[in-house]
Structure formats: structure tokens, C-alpha cells
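All values derive from a computational prediction rather than experimental measurement. Atoms within each ligand, like the ligands themselves, are counted from 1 in listed order.
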Amino acid sequence: MACASFVKLNAASSSWMGQKSSLGKRSPGSSTRRVSLSTRASSYTEELVRTAKSIASPGRGILAIDESNATCGKRLASISLDNTETNRQAYRQLLLTTPGLGEYISGAILFEETLYQSTTDGKKFVDCLRDENIVPGIKVDKGLVPLPGSNNESWCQGLDGLASRSAEYYKQGARFAKWRTVVSIPCGPSALAIKEAAWGLARYAAISQDNGLVPIVEPEILLDGDHPIDRTLEVAEKVWAEVFYYLAENNVVFEGILLKPSMVTPGAEHKEKASPDTIAKYTLTMLKRRVPPAVPGIMFLSGGQSEAEATLNLNAMNQSPNPWHVSFSYARALQNTVLKTWQGRPENVEPAQKSLLVRAKANSLAQLGRYSAEGESEEAKKGMFVKGYTY
Ligand code: 13P
């Protein structure tokens with residue numbers, strides 16, 4: 001059995017304690033009780049580490065197109081298309097068959113319907129991705145519902161049956177998973193909501209790893225609110241501390257996960273906007289305080305920022321080396337111009353694919369710290385923040 005291990009001082013009892021570990025040996029004569037807590041890994045450990053590393057590869061990031069049917073319907077409605085399976089398939093086909101996408105995109109998060117779909121020529125979408133060296137991923141959570149006993153907050157469903165669903169997704173070609181839960185600053189956040197979010201993410205992560213899927217850990221701290229950036233930093237530190245506490249308790253292998261944090265910004269309704277340099281400084285401070293370097297990749301969500309803002313902020317974070325690969329896992333900030341260009345017309349598929357490549361390349365450069373905003377379109381500068389956004 002593969003073992004990743006770390007040392008815990010004065011640790012409470014654990015069923016994995018006392019196993020052989022390179023870091024956990026008690027030094028002779030030491031009066032401190034030093035015990036090893038081994039992180040048990042599944043038979044998939046080596047593959048998980050490989051998958052995570054290939055997603056976190058230089059100049060590449062994730063294309064998130066895992067909108068539920070309801071949310072995809074809203075995207076289609078914005079260009080006056082009906083929310084039918086045919087239209088959803090046509091839109092996903094446009095995105096997933098973009099020639100050359102794999103140069104900038106290392107993973108694509110799909111909704112369950114898309115994972116099992118094919119192109120109109122009968123080629124499975126997962127094979128289109130593999131041909132471009134893009135790892136197929138799958139959204140596995142079942143969405144948010146109200147959390148009783150909280151301050152109008154929510155919790156994320158989906159743990160029931162997750163092991164068997166994950167095993168099926170693996171068979172279908174998925175190699176990583178995503179679970180998005182949210183934390184609202186204006187609603188508190190309450191200690192209960194943070195604990196529930198962190199515990200749910202940790203249980204999901206352990207189940208995913210057990211079934212060969214690299215878990216993307218995403219506690220989205222919503223942009224909603226008029227709070228200053230320092231308040232976001234405080235909440236983010238609290239949330240990530242708890243997430244890592246429970247990830248460790250659930251024996252999750254840190255080398256085989258990816259994170260999807262929100263950037264640390266002021267609330268969307270705060271009177272002052274922060275510059276990319278300030279956002280980068282706060283976000284990296286938070287991450288360096290909370291995220292162990294064993295984690296291979298930080299793949300940010302865009303959360304309602306404009307396409308250009310999301311790229312500029314990522315670029316600012318990559319001006320000097322970081323302990324982890326710092327990249328993107330954007331949905332709105334990669335898809336906005338594509339949808340507007342497409343308009344549901346077959347003759348616009350090629351220009352829409354070109355516009356996807358423009359955004360993917362911009363974010364690839366930002367991952368390398370070499371992006372310049374010169375020549376960005378007005379469309380790319382438009383914010384996409386929606387209060388209480390669901391996915
Ligand atoms: P956005 O980049 O639109 O915030 O996407 C969030 C998300 O979780 C997509 O998988």
C-alpha cells in the first residue's frame with residue numbers, strides 16, 4: 001500500500017498511527033511525544049499524482065464547462081437559444097473540438113451529460129479531449145441547498161452514492177473531479193457553514209481518490225458583499241485552515257489534489273476596487289499561510305470577474321515563482337466572448353473557436369507571467385458578477 005506521511009505533534013489517536021514512515025520516527029531520548037500519522041492512499045496513488053501534475057503543467061490550465069443543465073440553459077438563453085439537449089451538445093462540441101486547444105488547456109471539467117456525449121460525427125467527447133492531451137474531468141456535486149440552523153447559508157449535496165458514481169465516471173474516461181461548495185461573507189459566514197463546507201469537501205476528496213479521480217477542492221468564497229479585502233482575507237484563511245484540517249483527517253493525499261480557490265478581492269459592492277497587484281499580494285499571502293507545497297496546483301475560479309480582469313490578476317500572481325503551479329480553471333472568463341461570437345449559428349463556429357483560443361492563450365501567458373492586456377476587446381473587459389450565482 002502506498003503511503004504519504006507527515007508528522008503530527010501530540011496527535012490524538014488515529015487508526016493509522018504507528019505505521020512505518022520516513023518522517024515519523026521517534027528520536028531516541030526525545031521527551032516530546034512524536035507520532036507518525038500516515039496518510040493512507042488507494043491503489044491509484046501514483047496515477048493520481050501523475051494526473052494532477054499533468055493538469056498543473058506549465059502554460060496550461062482548466063476549461064470549466066460543467067454547468068448544470070439549468071445553468072447551461074441560462075447561457076443559451078443569453079443568445080436566444082432554447083435549452084435543449086441538441087443545443088447543449090452543439091455548444092459543447094464547439095468548445096471541445098477547438099483545434100489546438102491542448103496547447104493552453106490541460107483539463108476540461110464536464111457535466112455528466114457531456115461526459116457521455118459524442119460529436120455529431122459520433123466521436124466521443126472524451127476522445128476529442130484525449131487527442132489534444134486534455135484530461136477529462138467531471139462535476140460530481142449535486143448542488144447547493146439551504147443549511148438548516150445557519151444564517152441563510154447553504155450546503156452542498158452529493159456524497160450519497162458518490163463512490164459508485166465516481167467508479168463509473170472513471171470507466172467512462174474521467175480522471176479528475178470537481179465539487180463546488182460556497183461560503184457567503186455577508187451571511188456571516190457561520191462556524192457551522194464553514195465546518196460543513198470543509199467536511200463535505202474532505203469526504204468528497206477521499207472518495208474521489210479512492211476511485212482514481214483527482215479531486216478539485218473548491219470552497220468558493222462568493223464575491224457578494226460590500227466588505228473590504230481584509231475581511232475576505234480573514235474569511236479565506238479561516239475556510240482553508242478548516243479545509244486542510246479535514247483533508248488531513250480524511251487521509252487525503254495532498255500530492256493528488258488540486259485547489260480551486262476564489263481570488264482574495266474586496267466584495268463586489270465595496271466602494272473601492274483593488275488593483276491586480278493588490279489582489280495578487282493578498283491572495284498569495286493567504287495561500288502561503290494555508291496551503292502546503294505538496295499540493296501541485298492552484299487553479300482559480302473567475303467568480304464573475306471580467307475575462308480581462310481574471311487574466312490580469314492571474315498574471316500578477318505569476319510575477320515570481322510560487323510553491324505550486326498557479327493557474328486558471330475558468331468558466332465564465334473563458335466562455336463569455338465565445339458565446340457572444342457563436343450566437344448559435346453554424347457559420348460562426350470557427351470564429352467562436354478562435355475567440356476561445358484567444359482567451360486560452362491569454363491565460364496561458366498569464367500562467368507564465370507574460371501576459372499584456374494590450375489590444376483586449378471591450379467585451380473582454382465586461383464584468384459578469386451576478387448576486388448569489390449558482391452553478
Ligand atoms: P467561474 O469561473 O465562472 O467562476 O466558474 C466556477 C466554477 O466552479 C466552474 O467549474
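If you number the atoms of ligand 1 from 1 as listed, the ones under 4.0 Å from a heavy atom of Ala64 come out as 9 (C), 10 (O). Against a heavy-atom cut-off of under 4.0 Å, Tyr330 is close to the following atoms of ligand 1: 2 (O). Each of the atoms 1 (P), 2 (O), 3 (O), 4 (O) of ligand 1 lies under 4.0 Å from some heavy atom of Ser302. For ligand 1, the atoms sitting less than 4.0 Å from at least one non-hydrogen atom of Gly303 are 1 (P), 2 (O), 4 (O), numbered in the order shown with element in parentheses. Taking every non-hydrogen atom of Arg332 and a distance limit under 4.0 Å, the qualifying atoms of ligand 1 come out as 1 (P), 2 (O), 3 (O), 4 (O).
Between Lys139 and Glu113, none of the side-chain N atoms (NZ, or NE/NH1/NH2) sits under 4.0 Å from a carboxylate O, so this pair counts as no salt bridge.
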key: Derivation and outcome, side-chain hydrogen bond (donor to acceptor under 3.5 Å, both in side chains), residues Ser302 and Glu307   = CA-CA 8 Å; Ser302 58; Glu307 291 176 332; over 6 Å; no
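Here the closest heavy-atom approach between residue Arg130 and residue Gly173 is recorded as NH2-CA, 3.4 Å.
Note: an N/O pair closer than 3.5 Å links Asp66 and ligand 1 by distance alone. No N or O atom of Arg180 sits closer than 3.5 Å to an N or O atom of ligand 1.
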Which pairs would a plain distance check flag for residues 281-289, meaning a side-chain donor or acceptor within less than 3.5 Å of a matching protein atom at least two apart in sequence or in another chain?
residue: Tyr282; atom: OH; partner: Asp230; partner atom: OD1; Å: 3.1
residue: Tyr282; atom: OH; partner: Asp230; partner atom: OD2; Å: 3.4
residue: Thr283; atom: OG1; partner: Val264; partner atom: N; Å: 2.9
residue: Thr283; atom: OG1; partner: Ile279; partner atom: O; Å: 2.6
residue: Thr285; atom: OG1; partner: Lys281; partner atom: O; Å: 2.6
residue: Arg289; atom: NH1; partner: Glu237; partner atom: OE2; Å: 2.6

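Arg60 and Ser54 form no side-chain donor-acceptor contact under 3.5 Å, judged by distance and modelled atom types alone.
At a heavy-atom cutoff of 4.0 Å, ligand 1 is contacted by the side chain of Lys178 but not by its backbone. Contact annotation for Ala331 and ligand 1: heavy atoms of both the backbone and the side chain come within less than 4.0 Å of the ligand.
Distance check: Gln89 CD to Gln117 CD gives 5.5 Å after rounding to the nearest 0.5 Å. For the atom pair Ile138 CD1 and Arg175 CZ, the distance stands at 12.5 Å (nearest 0.5 Å).
Every heavy atom of Lys139 sits 4.0 Å or more from the atoms of ligand 1.
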